[in-house]
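Let me begin by handing over the structure; questions about it come next.
Residue numbers start at 1 and run along the sequence shown. Note that these values count all heavy atoms, side chains included, but never hydrogens, waters or copies made by symmetry.
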Amino acid sequence: MNSVITQVEENRSDSHLSSEAQQFDDDYNTEIRLNIRGTSATITRDELMALPESILLCLFPNGVFVDIEGNVITNLTEEDVVYVNFSPECFNYIVDTFNEAAASDINRVHDERLVIEDGADLLQNKPSVIVLREDLDYYCIPPVQGMSKEQMIQVKIEVGHSLVNEAHIFKGLGHQQNKTLGPAEQHLADMLCSSGFVADGCWGHRSLEPDKTVVFSLALVRLKPDSPEDTTNTKKSKFNTLQYRNSRKKAKENTTATKLLLFWRKPARKCWWASEMIKTDLSRLNLKDSNGNPISTVEIKVHIRRVWTLELSVIGVQ
């Protein structure tokens, strides 16, 4: 009499696992339809899940998919359209940057042992993107008394456009010629500049949020890894490989790239206040000063609250 075990079809479990794996791949390659402030776009689940937390929170601040009416989509299908209250230009900037980094990862040859054993070697073998985001809230002091609500709204819009034009990244830290930054600000600027940023670099995207006194900025910069040492004359033996790794271990602990690993999957935030006098053209508002003279260009005092979010994203590592 045949046993129960021998009566089971051969390779049935393997085919079942293969089917589950195929289903898993299909789920991750499923396209999600998006409505980004009226602009249609698509993104696969895999591409979406590869984005860092600081960007996902921009796209989905409540952590759920919603339709254009604000209703939560509990069971997402290919027919559903997810509404995203986000800049479509910035979304394209994000997708293009991460797709470009992912494409470079496919063409690389990886040493998986280094990836597992040493985080610094992970950055040598995997492309990485530094994500720097700025959320700037501003509060305008009325330039003259007796302004109407509509006039004040226009003042805020004009000031917002002026702030958008201040596109240099490190200006928010107080970086100016012949001016010394504070120790913390200087350390942050030095770390970023040694990793791929430039001192006079501009934001990759910067825009005024609709119906808000908020300027949103984002910079995505490929991490500049530390140059690996030349090992062409080193014998390919297990002993020499171990010796080489141990000799580099302490040196790597103090490299900038290794320090940035602290921000991998762990966004860090810095918040500070400042005040500025911003020259603004108000000629079209028909405002008059206390003497009855028309006001054209005036300096407006603006209180500014900046929040910087820094995160490191390593491509191809979930």
Could you measure the distance from the CG atom of Leu262 to the CG atom of Leu312? Nearest 0.5 Å is fine.
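Answer for the CG-CG pair, Leu262 versus Leu312, is 10.0 Å.
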Taking all atoms of both residues into account, what is the closest heavy-atom pair of Phe86 and Cys58, and its distance?
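Answer, listing the atom of Phe86 first, then Cys58: CE1-CB, 3.7 Å.
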Heavy-atom pair of closest approach, residues Ser313 and Ala50:
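What the structure gives for the nearest pair is OG-O, 4.2 Å.
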Looking only at heavy atoms, which two atoms of Ser104 and Arg222 are closest? And how far apart?
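Between these two residues, the closest heavy atoms are OG-NH2, 3.3 Å.
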Honestly curious: do Ile36 and Ile73 fall in one hydrophobic cluster under the side-chain, below-4.5 Å linking rule?
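Per the 4.5 Å side-chain linkage, Ile36 and Ile73 are co-clustered.
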Side-chain heavy atoms of Gln151 within contact of Val155, under 4.5 Å
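Sidechains of Val155 and Gln151: no contact.
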Donor-acceptor contact below 3.5 Å, side chain Tyr138 vs main chain Val215:
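Looks like no, no N/O pair under 3.5 Å.
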Tell me whether Asp80 contacts the main-chain N or O of Thr77 through its side chain, where contact means a donor paired with an acceptor under 3.5 Å.
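Between the backbone of Thr77 and the side chain of Asp80 there is a qualifying donor-acceptor contact (under 3.5 Å).
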State, with a plain yes or no, whether a side-chain heavy atom of Ser128 is found less than 4.5 Å away from one of Trp264.
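Side chain of Ser128 against side chain of Trp264, heavy atoms only: no contact under 4.5 Å found.
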Please report the shortest heavy-atom distance between Cys271 and Val307, naming the atom on each side.
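Scanning both residues, the minimum pair turns out to be SG-CG2, 4.0 Å.
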Verify, without hydrogens or angle tests, whether Thr280 (side chain) and Ile278 (backbone) share a donor-acceptor contact under 3.5 angstrom.
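Judged by distance alone, yes, a pair lies under 3.5 Å.
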Phe216 vs Ser87 side-chain heavy atoms within contact, under 4.5 Å
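The answer is no; the side chains never approach within 4.5 Å.
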Is it true that Glu134 and Arg206 have a side-chain N and a carboxylate O under 4.0 angstrom from each other?
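Salt bridge: yes.
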With hydrophobic residues grouped by side-chain heavy-atom distances under 4.5 Å, do Val129 and Leu261 end up in a single group?
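No.
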Can you measure from CD1 (Ile315) to NZ (Lys126) and round to the nearest 0.5 angstrom?
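Result: 9.5 Å between the selected atoms.
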Does Lys224 reach the side chain of Ser195, with side-chain heavy atoms less than 4.5 Å apart?
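Side-chain contact under 4.5 Å: no.
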Glu100, CD: over 12 other non-hydrogen atoms inside 6.0 angstrom:
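Count not over threshold, so no.
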Are any side-chain N or O atoms of Asp281 and backbone N or O atoms of Ser283, one a donor and one an acceptor, separated by less than 3.5 Å?
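Answer holds: yes.
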With salt bridge (charged side-chain N to carboxylate O under 4.0 Å, His left out) as the test, pick out the partner of Glu276 among Arg305, Lys171, Lys301.
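Only one option passes, and that is Lys171.
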Start with the C-alpha gap between Glu89 and Ser207, add the side-chain angles, then the distance that decides, and say whether side-chain contact (heavy atoms from CB on, under 4.5 Å) holds.
CA-CA 10 Å; Glu89 294 80 13; Ser207 63; over 6 Å; no
Donor-acceptor pair, Trp308 side chain versus Trp272 backbone, under 3.5 Å?
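Checking the backbone N and O of Trp272 against the side chain of Trp308, no donor-acceptor pair under 3.5 Å is found.
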Would you kindly confirm whether Ile94 and Val131 end up in one hydrophobic cluster when ILVMFWY residues are joined by side chain heavy atoms under 4.5 Å apart?
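Yes; Val131 is reachable from Ile94 via cluster members.
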Walk me through it: do Lys270 and Glu185 pass the test salt bridge (Lys or Arg N to Asp or Glu O under 4.0 Å)?
CA-CA 10 Å; Lys270 174 181 172 62; Glu185 289 75 16; 3.4 Å; yes
Beyond-backbone contact of Leu34 with Ile43, side-chain heavy atoms, under 4.5 angstrom:
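Yes, at least one pair of side-chain atoms sits under 4.5 Å.
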Determine, stepwise, if the pair Arg37 / Tyr83 fulfils side-chain contact (heavy atoms from CB on, under 4.5 Å).
CA-CA 7 Å; Arg37 289 181 182 168; Tyr83 179 73; 4.1 Å; yes
On a heavy-atom basis, which atom in Ser194 and which in Met191 lie closest, and how many Å separate them?
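Heavy atoms of Ser194 and Met191 come nearest at OG-O, 3.0 Å.
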Between Asn291 (side chain only) and Asn293 (backbone N and O only), is there a donor and an acceptor less than 3.5 Å apart?
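Between the backbone of Asn293 and the side chain of Asn291 there is no qualifying donor-acceptor contact (under 3.5 Å).
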Group every Ile, Leu, Val, Met, Phe, Trp and Tyr by side-chain heavy-atom contacts under 4.5 Å, then state whether Val95 and Val221 land in the same group.
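Different clusters.
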CG/Asn165: more than 12 non-hydrogen atoms of other groups inside 6.0 Å
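It does: Asn165 CG has more than 12 such atoms within range.
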Give the cluster check for Tyr93 versus Leu56: same hydrophobic cluster or not, with ILVMFWY residues linked at side-chain heavy-atom distances below 4.5 Å.
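The answer is yes; both residues are in one hydrophobic cluster.
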CA sep, side-chain torsions, deciding dist, call: Leu282, Ile300, side-chain contact (heavy atoms from CB on, under 4.5 Å):
CA-CA 10 Å; Leu282 303 179; Ile300 299 176; 4.0 Å; yes
Output the distance between atom CD1 (Ile55) and atom CG (Leu218), rounded to the nearest 0.5 Å.
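One gets 5.5 Å once the value is rounded to the nearest 0.5 Å.
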If I take atom CD from residue Glu311 and atom CZ from residue Phe263, how far apart are they, to the nearest 0.5 angstrom?
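Atom-to-atom, Glu311:CD and Phe263:CZ are 10.5 Å apart.
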With no hydrogens and no angle check, is any side-chain donor or acceptor of Glu31 less than 3.5 Å from a backbone partner on Thr42?
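The answer is no, because no donor-acceptor pair under 3.5 Å joins these two groups.
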Does the side chain to side chain donor-acceptor pair (under 3.5 Å) test come out yes or no for Thr44 and Asp46, once each step is laid out?
CA-CA 5 Å; Thr44 66; Asp46 191 27; 5.5 Å; no
Just how far is it from atom CG of Leu163 to atom CG of Leu208, taken to the nearest 0.5 Å?
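CG of Leu208 is found 8.5 Å from CG of Leu163.
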Would you please test Val82 and Phe60 for side-chain contact (heavy atoms from CB on, under 4.5 Å) and show each step?
CA-CA 10 Å; Val82 179; Phe60 312 103; 3.9 Å; yes
Work out which heavy atom in Phe91 is nearest to a heavy atom in Ala41; give both atom names and the distance.
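Residues Phe91 and Ala41, closest heavy atoms: CE2-CB, 4.0 Å.
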Could you check if a side-chain atom of Phe65 sits within less than 4.5 angstrom of a side-chain atom of Ile32, using non-hydrogen atoms only?
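Yes - at least one pair of side-chain heavy atoms lies under 4.5 Å apart.
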Would you check if Pro52 and Phe98 make a side-chain contact, meaning some heavy-atom pair closer than 4.5 Å?
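Pro52 vs Phe98: side chains touch.
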From CZ (Arg306) to CG (Asp135), nearest 0.5 Å:
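Taking CZ in Arg306 and CG in Asp135, the distance rounds to 12.0 Å.
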Are Thr309 and Leu57 side-chain neighbours, meaning at least one heavy-atom pair lies under 4.5 Å?
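Thr309 does not reach Leu57 side chain to side chain.
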